[in-house]
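Notes follow the structure.
Throughout, a chain's letter reflects where its sequence line sits, starting with A, and its residues are numbered from 1. Side chains are part of it too, since the values below use all heavy atoms of this structure and drop only hydrogens, waters and symmetry mates.
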Amino acid sequence: MTSNSNGAVPTHGLGPFLQDARLRWVVAIAILAFLVVAPMIFGSYITVILTNALLYVVLCLGLNIVVGYAGLLDLGYAAFFAVGAYTIGVLTIQFGFNFWVAFPFAVLAAVLAGVIIGGPTLRLRSDYLAIVTLGFGEIVRFSARNLEITGRASGISGIQDPSLFGWQIRTQTDYYYVFVVLAIIAVIASFRLANSRLGRAWLYVRHDEDAAEAMGINRVQVKLAAYVIGAIFGAVGGAFFAANLGAISPESFSFEQSVLVLMAVILGGMGKIPGVILGAFIIILGPELLRDLGEFRLLVFAVGLLLIMLFRPSGIWPGRRGA
Amino acid sequence: MTAFDVVMQQIVNGLVLGSFYALVALGYTMIFGVIKLLNFAHGDLYMVGGFVGFLVLSAISGITGGGWTGVAISMFLSMIAVGCLGVVIERVAYHPMLRAPRLSILITALAVSLVLQNTVLSITHGQYTAFGADFGFGGVNLGNVFITYNQMILVGIAAFLMIGLEVFVSRTQYGRAMRAVAIDKDMCQLMGINVSGVIAVTFLIGSALAAAAGTLAGAYYGSVWYFMGFLIGLKAFTAAVIGGIGSIPGAMLGGLILGFLEAFGTQLPGIGSEWKDVFSFAVLILVLVFKPTGLLGKSEQERM
Amino acid sequence: MADNQLLALSGVTLAFAGNTVLDDVNFSIPRDAIVSLIGPNGAGKTSLFNSITGFYKPQGGSVRFDGQELLKLKPHQVTASGIARTFQNVRLFREMTVLENVMSGMHCRTKSGALAAVLRLPSQQREEAEIRAFSEECLAFVGIADEANREATTLAYGHQRRVEIARALATKPKLLLLDEPAAGLNSGEKVALTELIARIRNELGISVLLIEHDMGLVMKISERISVLDHGKMIAEGTAKDIQNDPKVIEAYLGQDDGEGQS
Amino acid sequence: MQTLKLLTAAGLIGLAAMGSGAIAQETMQIGVQVPTTGSEATYGQDMINAVQIAVDEINAEGGLLGQQVSLVTGDTACDPQQSVNAASRLVSANVVGVVGGYCSGATLPTLQIYGDANIPFIIAAANSTQLIPENPGNAFMINSTGADQAAKAVEFLSAQGAATLTIVNQGDAYSQDLATLASEDWTAAGNEVVSIETVNKGEQDYSAIVTKIRSTNPDAVFWTAYYADGGLLIRQLRQSGYQGIIAVGDGSNSPQLFDIAGQAAEGVFAFSNPTADFLPQAASFTETYQEDYGNAPGPYAPLAYDGMKLLGWAIAEAGSTDADAIIEVLRSADGQEWLAGPISFTDVNTLARSNFIVLKGEGGAWTRADE
């Protein structure tokens with residue numbers, strides 16, 4: 001890691017914690033060790049919700065690039081999640097593709113969707129962009145509901161479990177490890193992007209568009225890059241989500257889903273990777289912990305959210321990165 | 001019905017629907033104006049307004065009956081109650097966040113929305129509640145176009161509230177202060193304007209308008225439900241943006257336009273009811289691509 | 001106009017909502033020169049900067065830079081073509097270090113994309129090192145290398161101005177536009193600034209155009225001075241020419257003595 | 001660092017707490033998988049209430065295998081991912097069986113989970129045909145599929161002399177499926193489908209569709225979704241002066257339709273299983289429900305009640321909590337009469353019979369219309 005060899009440039013996406021490279025390795029290894037043994041210690045239920053939380057880590061890190069780094073408010077992130085999932089569903093079921101053959105198309109579809117919607121709209125002010133993305137998310141969901149090829153409201157079922165080099169991914173534990181790997185890749189990718197030329201450009205543009213332009217940064221292009229990369233994260237998450245559940249339907253891609261991912265990102269602390277991961281876990285595990293409360297669980301959870309935001313308005317993870 | 005009748009009838013439908021959207025959109029836009037917050041709890045205030053209206057009407061219908069008199073009184077009391085609720089929410093949940101990053105308040109608003117929704121869900125066990133207003137189906141036939149008295153009264157009340165708001169904002173001290181706060185909060189503080197007070201009044205009025213819409217909707221459509229604010233909240237947000245968020249006439253215009261888009265989207269061959277929302281959102285996106293600040297929004301300041 | 005002109009404006013006209021801000025401005029900067037643009041407040045100096053750098057879109061005229069027409073270009077394209085600028089009110093990127101601020105200038109001179117970053121390709125690693133090295137060089141050039149890792153907006157004002165200049169230098173410009181670089185500096189800092197500007201031209205071979213109110217500084221370092229008043233270019237020449245030009249004296253006398261925007 | 005440690009500790013404690021969810025087993029645990037939050041909570045609450053009534057009755061009679069029965073709720077929020085979480089939790093709580101399944105989309109991915117854990121699953125409401133091939137053999141669908149209902153609707157409406165029909169659904173799997181099936185049958189019967197319309201749940205204002213219906217003036221309108229929005233649609237249709245036949249599917253078979261639609265519900269036809277009100281042995285159910293919860297049972301309350309009773313019967317018959325034995329008993333269900341009619345299963349574990357009846361709204365209540 002060039003940027004740390006002489007301890008000069010602070011590493012982006014972490015906040016003041018974990019700036020020490022050694023400490024960072026210790027924490028990373030501890031977390032990794034925990035993730036590897038978790039399914040053996042805890043039962044299948046915990047494995048399932050941890051899988052879910054790890055999926056959210058991927059989605060949240062993707063949205064974090066859009067919202068946390070580039071400062072674009074996206075209320076329709078579930079659309080990209082849907083594009084990934086439905087591309088897999090349609091290609092494997094309607095066209096008989098193998099999962100791994102369909103997978104690149106899922107990513108490609110997300111890139112296309114990102115460019116088509118982002119291209120003309122990214123110059124809009126944040127609040128207007130929010131409604132455009134919301135509208136786009138709803139358009140995707142309604143289209144999935146109305147089109148024959150996406151199975152209309154019933155969705156697509158019977159999506160086969162993929163196998164990888166002879167390993168048949170099937171059980172919940174298998175998928176758990178798949179999502180562990182995906183989440184790790186997402187973390188590393190986010191981290192490297194944040195500390196790259198492009199990652200810095202996102203921060204420049206977010207802090208001062210005009211100054212960034214004056215420094216020769218094409219803000220529309222840079223924002224589009226953030227949007228498209230965020231879309232890719234979403235689509236990858238969606239593709240494996242589809243394989244994991246084996247069935248997809250429009251309910252999974254609602255506005256609420258977009259909002260939950262956004263909540264996780266902001267709750268943990270936008271732009272701070274550990275914060276975003278924490279946010280993803282809170283948003284998924286919180287309501288699960290409260291299951292015994294029955295119909296009150298969302299109420300209690302929402303009050304909890306409110307309190308967290310009141311006490312830590314910039315998100316849970318400390319540090320100012322992420323305005 | 002001839003094609004002409006259908007068009008006329010859909011205009012009436014769009015007008016009624018648009019009036020509801022506009023009333024809710026106004027609160028959205030006012031609150032956005034003063035604290036730049038997309039208040040996602042606004043739709044839920046509409047819902048709470050519906051329930052409060054229902055409670056009041058249940059209590060007084062023995063005296064007033066379930067007709068428009070009773071509904072008008074319920075609406076008025078609901079406006080006061082929910083207006084105060086709006087102020088309390090602002091004080092408790094938003095005010096401490098005003099110096100926080102903008103998106104953090106957004107999450108607070110979402111949390112408030114969840115709290116309101118799930119509180120009512122717990123109390124009502126998710127049941128739909130019949131509102132109990134007792135209206136006739138009577139109306140006027142203009143050729144084949146049928147307009148009920150209820151629709152006329154409804155649009156009349158909505159128009160009255162909107163004109164009242166416009167007068168308030170353009171003619172009164174508070175209204176001027178509100179516009180000033182919308183432009184530059186810090187400057188207003190320096191000028192000795194009670195910014196907190198202005199924000200509170202804005203929430204009071206915005207929430208009261210949502211409550212009015214909620215009560216009217218409950219009475220007109222006949223039932224209230226814990227989730228009834230969700231969809232209209234989304235639609236009102238859309239309407240406010242089409243019109244130009246922050247602009248009061250824009251919210252009215254946006255509400256009506258969205259009402260018409262949905263009415264005609266249902267009717268248009270090739271679109272139909274299944275695709276009408278896709279149609280509305282597509283129009284929204286196109287409007288913003290070509291007019292990036294909405295129809296009546298102020299264009300952005302010159303750069304630099 | 002001859003080839004030795006680096007930048008040449010002809011007939012540039014800019015209006016906002018019917019108010020003419022720049023009226024048929026003709027103006028040029030020779031290669032290897034230090035040129036100043038002066039004029040009373042509100043004369044349109046910053047507007048002229050913004051028109052050159054693509055932030056404003058003039059209604060008419062032409063801006064030729066090094067053989068290229070700039071008028072239709074976006075700000076980032078103007079920067080890429082070799083014009084860098086600073087801002088009248090310092091506009092550093094908040095919450096980022098001095099070095100990171102300067103690194104922004106290298107953006108348009110490098111090209112590694114997302115994939116290269118995620119995969120940490122050798123070419124990307126090389127480029128990152130290059131960005132750092134050159135940015136550090138720029139910081140050293142303006143004399144604040146030891147502040148590289150401080151948060152930029154916590155620096156003393158005079159140093160913040162230097163960060164802005166270093167940031168502009170990192171774009172490897174042929175022409176540097178400085179918008180009131182001396183505003184808010186004390187006299188010692190002004191002397192240092194004068195030296196810095198001279199070094200930028202002499203050692204780096206970068207032409208400099210500055211807007212400045214401090215006449216002492218302007219007269220001292222400018223080879224040519226242009227005077228803008230009410231959007232019109234009213235005089236052009238050496239310091240001496242300008243000092244004795246009655247039109248210039250009139251323009252300045254007719255002005256209220258107020259601080260503020262140009 | 002302090003914060004970090006605290007967070008880690010809190011997280012681990014939380015996980016441990018969740019892992020130890022299996023409470024000491026003095027009672028027999030039965031899972032209920034329904035949405036209790038989100039926009040579908042109305043129906044989920046209704047089903048839980050009904051299951052609770054069944055459990056109360058079972059416990060009053062001494063429980064099952066000498067144990068009292070208690071319920072564990074798995075809230076699906078009608079979201080596929082959340083329902084997977086809920087199902088996993090029910091599995092880890094060692095439930096003997098599960099009753100529920102409201103949204104088909106959210107029920108589908110749970111089939112494999114219960115299959116892998118070999119837990120009997122009585123699907124009380126979800127009835128999408130997509131569930132059938134995904135069923136590993138331990139799930140039993142006690143709601144008849146849309147095909148039977150569509151056939152009954154077409155038969156009845158044709159007999160009423162209708163030739164043109166507009167079908168309105170709510171854009172969810174259940175009502176869209178029923179709309180499509182009804183449309184196919186109607187066309188096959190030589191009649192004309194004027195249009196299929198879709199509304200959004202919770203939209204309240206259906207005037208645009210009402211105007212469209214008025215302008216084409218079909219002989220009949222068939223609403224395939226639930227009572228809440230159906231009530232509003234019926235109200236607005238009648239207010240606009242539409243005079244034709246209005247029929248609703250079984251999702252709208254609730255007394256609450258009359259609360260919402262008021263006068264307008266008079267003369268509306270509903271297709272339904274022979275629910276509570278029309279089976280003498282079940283009259284007490286409605287009464288108990290009304291007493292306990294203060295409102296009338298919703299459309300799936302009887303099925304949810306039956307699901308619990310059926311499961312209880314199977315456990316008692318099997319004489320153990322062994323899943324294979326219970327499933328064996330369920331397969332052999334032999335047309336006993338339950339609240340919502342007799343139950344026996346096809347070889348793919350779907351309901352073997354179709355005895356849809358037709359109801360008519362009269363005087364603010366449903367009456368039999370086809371006897």
Side-chain angles (χ1 to χ4, degrees), chain A residues 1-3 5-12 15 19 65 69 111 123 185-222 224-226 228-230 232-233 271 314 319-323, chain C residues 50 53-55 74-87 90-97 99-120 124-129 131-132 135-136 148-149 151 153 164 167-168 170-173 177:
Chain A
M1 290 188 195
T2 26
S3 53
S5 50
N6 55 9
V9 180
T11 310
H12 282 284
Q19 287 295 349
I65 290 174
Y69 294 161
V111 171
R123 55 198 90 223
I185 293 174
V187 170
I188 294 175
S190 293
F191 191 74
R192 290 184 169 183
L193 281 169
N195 292 287
S196 74
R197 167 179 175 270
L198 189 57
R200 286 189 301 270
W202 290 329
L203 295 183
Y204 300 141
V205 169
R206 192 184 72 197
H207 286 318
D208 190 332
E209 292 202 356
D210 291 329
E213 275 274 337
M215 290 303 110
I217 295 167
N218 181 348
R219 71 197 158 97
V220 174
Q221 193 187 52
V222 162
L224 192 60
V228 168
I229 292 170
I232 293 173
F233 275 60
S314 300
R320 291 210 300 141
R321 292 264 187 225
Chain C
N50 286 338
T53 50
F55 284 96
K74 298 218 165 64
H76 66 92
Q77 292 167 319
V78 172
T79 309
S81 76
I83 299 182
R85 68 171 293 175
T86 64
F87 293 89
V90 177
R91 289 175 79 163
L92 296 177
F93 300 113
R94 281 174 295 119
E95 298 172 24
M96 300 182 83
T97 65
L99 183 60
E100 286 174 308
N101 263 278
V102 178
M103 285 161 92
S104 69
M106 282 291 280
H107 186 92
C108 62
R109 302 294 169 219
T110 47
K111 56 182 189 301
S112 287
L115 200 61
V118 171
L119 300 177
R120 289 246 156 119
Q124 187 257 356
Q125 294 289 78
R126 227 174 11 249
E127 207 175 78
E128 281 290 303
I131 291 172
R132 271 179 70 94
S135 303
E136 280 164 355
N149 297 315
E151 198 174 311
T153 45
E164 257 208 335
R167 187 172 74 173
T171 67
K172 302 186 176 171
L177 309 186

Under the rule for side chain to side chain contact (heavy atoms under 4.5 Å, CB included), what residues qualify as partners of C/Ala84, not counting sequence neighbours?
C/Ala168, C/Thr171, C/Pro173, C/Leu176

Starting from the C-alpha separation in whole Å, work towards a yes-or-no answer on side chain to side chain contact (heavy atoms under 4.5 Å, CB included) for A/Tyr204 and C/Met96.
CA-CA 9 Å; A/Tyr204 300 141; C/Met96 300 182 83; 3.6 Å; yes

Of the listed C/Val118, C/Ile83, C/Ile131, the one with the largest count of heavy-atom pairs under 4.5 Å with chain A is C/Val118

List the residues meeting side chain to side chain contact (heavy atoms under 4.5 Å, CB included) with C/Gln77, not counting sequence neighbours, and say none if there are none.
C/Leu73, C/Lys74

With a 4.5 angstrom heavy-atom cut-off, which part of A/Ala214 approaches chain C: side chain, backbone, both or neither?
both

Would you say A/Arg197 and C/Ser112 are linked by a side-chain donor-acceptor pair, where the criterion is simply a distance under 3.5 Å?
no

Looking only at C/Thr110, C/Asn101, C/Thr53, most heavy-atom pairs under 4.5 Å shared with chain A are made by C/Thr110

Between C/Glu128 and A/Arg200 (salt bridge meaning N to carboxylate O under 4.0 Å), is one present in this structure?
yes

Is it the backbone or the side chain of A/Ile217 that comes under 4.5 Å from a heavy atom of chain C, or both, or neither?
both

Name the option with the most non-hydrogen atom pairs under 4.5 Å to chain A; the candidates are C/Gly105, C/Ala80, C/Ser104.
C/Ser104

Does any non-hydrogen side-chain atom of A/Asp210 lie less than 4.5 Å from one of C/Arg91?
yes

Kindly give the heavy-atom pair with the smallest separation between A/Glu213 and C/Pro75, and that separation in Å.
OE1-CB, 3.2 Å

Heavy-atom pairs under 4.5 Å with chain A, option from C/Thr86, C/Leu92, C/Val78, C/Thr79 with the top count:
C/Thr79

Only pairs of heavy atoms separated by less than 4.5 Å count here; which of A/Leu198, A/Leu193, A/Ile185 has the most with chain C?
A/Leu193

Name the region of C/Gln124, side chain, backbone, both or neither, that has any atom closer than 4.5 Å to a heavy atom of chain A.
side chain

So do the side chains of C/His107 and A/Met215 get within less than 4.5 Å of each other, counting heavy atoms only?
no

Looking only at heavy atoms, what is the nearest atom pair of C/Leu119 and A/Arg192, with distance?
C-NH1, 3.7 Å

Which pair of heavy atoms, one from A/Gly216 and one from C/Cys108, lies closest together, and at what distance?
O-CB, 3.5 Å

